[in-house]
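Chain letters run A, B, ... following the sequence lines, proteins first, then strands; residues in each count from 1.
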There are 2 protein chains.
Amino acid sequence: MVTIKDIAKAAGVSVTTVSRALNGYDDVNEDTRQKIKDIAQGLGYSPNMAARSLISKKTKTLGLLLSNVTRASSKDNIAFEILCGMNDRAGELDYDLVLFSTTPQKQKIKSYKTLCQERGVDGVIIMGIRLDDAYLKEVVSSQIPCVLIDIPLEGPNVGYVTSDNVGGAYRAVSYLLEAGHRKIGVVNGHSQADVSVQRLKGYKQALERFGIPFDESLVMDGSFSEAGAKEAAYRLLAQQPDITALFCISDLMALGALQAVRGLGLQVPGQISVVGFDNIDVTAYCSPALTTVNQNKYEMGYQAAQMLIDLLEGRKVSHRLVLDTELIVRESVSPR
Amino acid sequence: MVTIKDIAKAAGVSVTTVSRALNGYDDVNEDTRQKIKDIAQGLGYSPNMAARSLISKKTKTLGLLLSNVTRASSKDNIAFEILCGMNDRAGELDYDLVLFSTTPQKQKIKSYKTLCQERGVDGVIIMGIRLDDAYLKEVVSSQIPCVLIDIPLEGPNVGYVTSDNVGGAYRAVSYLLEAGHRKIGVVNGHSQADVSVQRLKGYKQALERFGIPFDESLVMDGSFSEAGAKEAAYRLLAQQPDITALFCISDLMALGALQAVRGLGLQVPGQISVVGFDNIDVTAYCSPALTTVNQNKYEMGYQAAQMLIDLLEGRKVSHRLVLDTELIVRESVSPR
DNA sequence: CCCGTTTTCCGAAACGTTTCGGATAACCTT
DNA sequence: AAGGTTATCCGAAACGTTTCGGAAAACGGG
């Protein structure tokens, strides 16, 4: 490994000068700087990040904490799209991304905070975590700058980015109402996800606009899984046979609901209309193609990285970003 | 930040002893060790990786170089599933994963090798790169241990993991042949991807078994994209109207081919049968559900991480791993 | 009780970089 | 020519850890 010292020797200057020359300080003669640069180039020098960050206390790396990057989670590639956006922006700004794999059992031993300071990431992006996660508070209240995805928390060092979930749900449900549906079941996620409560709020608002009272028994949790949603949809349709439409809080769950509806021998959208949320890729290909609300996942990641880096570099910036959503009309809804 | 020094002071021992106690050396009294551990715990100590790796020259991080983690690539989540596997295994073995975003323009400035040594990763996994990539040779011939995904190169410090592409293709095409198809078009990727040549080889072998001569004009490149495949399928079907089946080298391309077939007003599988490759999620949901060959993406990532770490830790291990593939029969093929 | 061995500890150097405080020399200004 | 600036450079300390060589103390065997 070629070090700054080797360059110094070759150039006949001190290591100090080499360091300052390479880092663009202005108290070094342009000729010497050029000579040093040439030698560095010739020797194939590249700075040692460990040494550098040992003293600067900066690592130029962002941690990504996502609790569910595991075998199961790959079907909806939402996480992946977000990751792509993050990675792109981080790359542009010369940061690297390190993935923290957090399995429940490892979490017992090492908290996020420990993980972060051990690895020495400058900041961290957290997603896919439950609101009641014991360690969420910890990292948020710690000194580590962090931005949350879909978790509305703010602080001096923490911000978040999310989609306009209530708006999206509002538009989706309004669309159903305008199509004449009046008894709309909702397949929800679980109470410990902010998106669940926000999207339900949108549902209620749409109902309100049409003067329809909210009926608690029309909503059922599907735990964000395909199987869970299938189960939930079965129960919903069994208990309330006059339901004509299902609003599913996520596309994956809409897929599960679709199975349940078919399992009951009912047609989509002929007898039951379905709308989802997220606009994952499958929705365009499945049959019937799913009407859903799009959220800009790539952008979420991109902006999250941007916000975190802004935070890190001390820029004054809003700690809250809500991205627009858009209703994507396809084939799973018919008028009633 | 609490350092080893603070612990030493609090425990009334030297930093050497603290270090050795914490790292499990046996020349420290069990009582002192316990005391030191307690104090470390109490102070919330966590070791500084930068300092540690400065001297040990190990970082316990794996680099992941994938050239196409960008906006477009998210539709087929193959990369993501592989990543999940890698991340899981790396995590189990106490390594972290850092993503290297390589855009074509950045590649000009910094070669992979530079990237790796700057970031000080112990080794690197490379995927999604073309065989003719200028820097591929560089990193492979460098000292950096690396494992390739779907690129058959071996060396003292390099290994690879891939699927049984020829076997998979062989079974897929045999299935078509057994169903009575004789004129089978193939939508290929491009010549600079090993999977393209392997899967084509499987196609040829199947043909051979049935005594059918290989016809060059039956294969057309679709550049691994949906649009490219659509175009290719159009051309194929126009030029050879008696084609009765399409073997697509990837599912994403099969989706494109499906569009082309429909665009020509033909039925799948009634008039044209289609089989894909990869078994991405959409294939189970699209209509008709796609017959395809599954490759175990998660396992590929898992094993790649395992192999790299074996390499890093000097274990004697095979530098080559070929995972089984499996034909998944669904609805896109009918007998002729 | 002496000598060799084991146990337990420590001082200091090293890793590659940045940075603080200063030093030298050349250049102005009056 | 003296004093003040400026341009350019350097020595040494510091960051937090590991590790080499050795040292002190306790122990065991004869």
Side-chain angles (χ1 to χ4, degrees), chain A residues 1-41 43-61 94 114-122, chain B residues 1-41 43-61 94 96 114 116-122:
Chain A
M1 171 184 270
V2 33
T3 77
I4 219 178
K5 219 170 184 170
D6 302 320
I7 301 178
K9 202 174 301 175
V13 297
S14 76
V15 295
T16 305
T17 306
V18 176
S19 174
R20 299 183 76 81
L22 260 22
N23 289 316
Y25 283 70
D26 56 359
D27 67 343
V28 30
N29 185 289
E30 271 312 317
D31 293 343
T32 5
R33 184 197 304 280
Q34 199 49 55
K35 185 165 124 196
I36 288 173
K37 276 190 171 176
D38 290 346
I39 294 178
Q41 175 88 31
L43 261 39
Y45 168 78
S46 62
N48 183 313
M49 287 297 174
R52 178 173 283 180
S53 66
L54 178 56
I55 164 150
S56 74
K57 270 111 172 55
K58 298 260 176 280
T59 56
K60 282 280 197 170
T61 58
D94 205 30
T114 314
L115 215 54
C116 289
Q117 56 189 43
E118 265 194 17
R119 274 321 187 172
V121 297
D122 292 343
Chain B
M1 172 183 271
V2 32
T3 77
I4 219 178
K5 219 169 183 171
D6 302 320
I7 302 178
K9 203 175 300 176
V13 297
S14 75
V15 294
T16 305
T17 306
V18 176
S19 174
R20 300 184 75 80
L22 259 23
N23 289 316
Y25 283 70
D26 55 359
D27 67 343
V28 31
N29 186 288
E30 271 313 318
D31 293 343
T32 4
R33 184 197 305 278
Q34 199 50 56
K35 185 165 125 197
I36 288 173
K37 277 190 170 176
D38 289 347
I39 293 179
Q41 176 89 31
L43 261 39
Y45 168 77
S46 63
N48 182 314
M49 286 297 173
R52 178 174 283 180
S53 64
L54 179 57
I55 163 149
S56 74
K57 268 113 173 54
K58 298 259 175 278
T59 56
K60 282 280 198 169
T61 58
D94 205 30
D96 279 335
T114 314
C116 290
Q117 56 190 43
E118 264 193 18
R119 275 319 186 174
V121 297
D122 292 343

Checklist entry - Which part of the nucleic acid, if any, lies within reach of A:Thr32 when heavy atoms closer than 4.0 Å are counted: base, sugar-phosphate only, or nothing? => result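 Here A:Thr32 touches the backbone only, sparing every base.
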Report the distance from atom [atom1] of [X] to atom [atom2] of [N], rounded to the nearest whole Å.
| X | N | atom1 | atom2 | value |
| --- | --- | --- | --- | --- |
| B:Lys35 | C:dT8 | NZ | P | 14 Å |
| B:Asn29 | D:dA26 | CG | C1' | 12 Å |
| A:Asp31 | D:dT8 | CG | P | 9 Å |

Checklist entry - Counting only heavy atoms not in A:Lys37, do more than 12 sit closer than 6.0 Å to its NZ atom? => result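 Incorrect, the count does not exceed 12.
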Next on the checklist: Testing the basics here: between A:Ala8 and A:Val18, what is the closest heavy-atom pair and its distance to 0.1 Å?
Outcome noted: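 Reported closest heavy-atom pair: CA-CG2, 3.6 Å.
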Next on the checklist: If you compare all heavy atoms of B:Arg33 against all heavy atoms of B:Asp26, which two are closest, and at what distance to 0.1 Å?
Outcome noted: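 Distance-wise, the nearest heavy atoms are NH2-CA, 4.1 Å.
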Checklist entry - Given axes from five pairs at either end, by how many degrees does the helix from C:dC1-D:dG30 to C:dT30-D:dA1 bend, rounded to 10°? => result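 Terminal axis comparison yields 40°.
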Checklist entry - Between B:Thr3 and B:Asp6, is a side chain to side chain contact (heavy atoms under 4.5 Å, CB included) present by the stated rule, with each step listed? => result CA-CA 5 Å; B:Thr3 77; B:Asp6 302 320; 3.6 Å; yes
I'd like a table of atom pairs between the protein and nucleotides 15-22 of chain D - only N or O on both sides, under 3.5 Å - with the distance next to each one.
{"residue": "D:dC15", "atom": "O3'", "partner": "A:Lys57", "partner atom": "NZ", "Å": "3.4"}
{"residue": "D:dG16", "atom": "OP1", "partner": "A:Lys57", "partner atom": "NZ", "Å": "3.4"}
{"residue": "D:dT17", "atom": "OP1", "partner": "B:Tyr45", "partner atom": "OH", "Å": "2.7"}
{"residue": "D:dT17", "atom": "OP1", "partner": "B:Asn48", "partner atom": "N", "Å": "3.2"}
{"residue": "D:dT17", "atom": "OP2", "partner": "B:Ile4", "partner atom": "N", "Å": "2.6"}
{"residue": "D:dT18", "atom": "OP1", "partner": "B:Asn23", "partner atom": "ND2", "Å": "3.2"}
{"residue": "D:dT18", "atom": "OP1", "partner": "B:Arg52", "partner atom": "NE", "Å": "3.0"}
{"residue": "D:dT18", "atom": "OP1", "partner": "B:Arg52", "partner atom": "NH2", "Å": "3.2"}
{"residue": "D:dT18", "atom": "OP2", "partner": "B:Ser19", "partner atom": "OG", "Å": "2.6"}
{"residue": "D:dT18", "atom": "OP2", "partner": "B:Asn23", "partner atom": "ND2", "Å": "3.3"}
{"residue": "D:dT19", "atom": "OP2", "partner": "B:Tyr25", "partner atom": "OH", "Å": "2.7"}
{"residue": "D:dT19", "atom": "O4", "partner": "B:Thr16", "partner atom": "OG1", "Å": "3.2"}

Checklist entry - Does the B:Asp96 side chain pair with the main chain of B:Thr61, one donor and one acceptor, at a distance under 3.5 Å? => result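 No; judged by distance alone, with no hydrogens or angles, the pair does not exist.
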Checklist entry - Where the side chain of B:Asn29 meets the backbone of B:Asp31, is there a donor-acceptor pair that is under 3.5 Å apart? => result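 Between the backbone of B:Asp31 and the side chain of B:Asn29 there is a qualifying donor-acceptor contact (under 3.5 Å).
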Next on the checklist: Consider side chain to side chain contact (heavy atoms under 4.5 Å, CB included). Of A:Ile36, A:Ile4, A:Ile7, which one does A:Thr17 pass it with?
Outcome noted: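 Of A:Ile36, A:Ile4, A:Ile7, side chain to side chain contact (heavy atoms under 4.5 Å, CB included) with A:Thr17 is met by A:Ile36 alone.
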Checklist entry - With sequence neighbours left out, which residue pairs that include part of residues 47-58 of chain B fulfil the side-chain hydrogen bond (donor to acceptor under 3.5 Å, both in side chains) condition? => result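 Counting only pairs at least two positions apart or across chains, no side-chain hydrogen bond (donor to acceptor under 3.5 Å, both in side chains) contact touches residues 47-58 of chain B.
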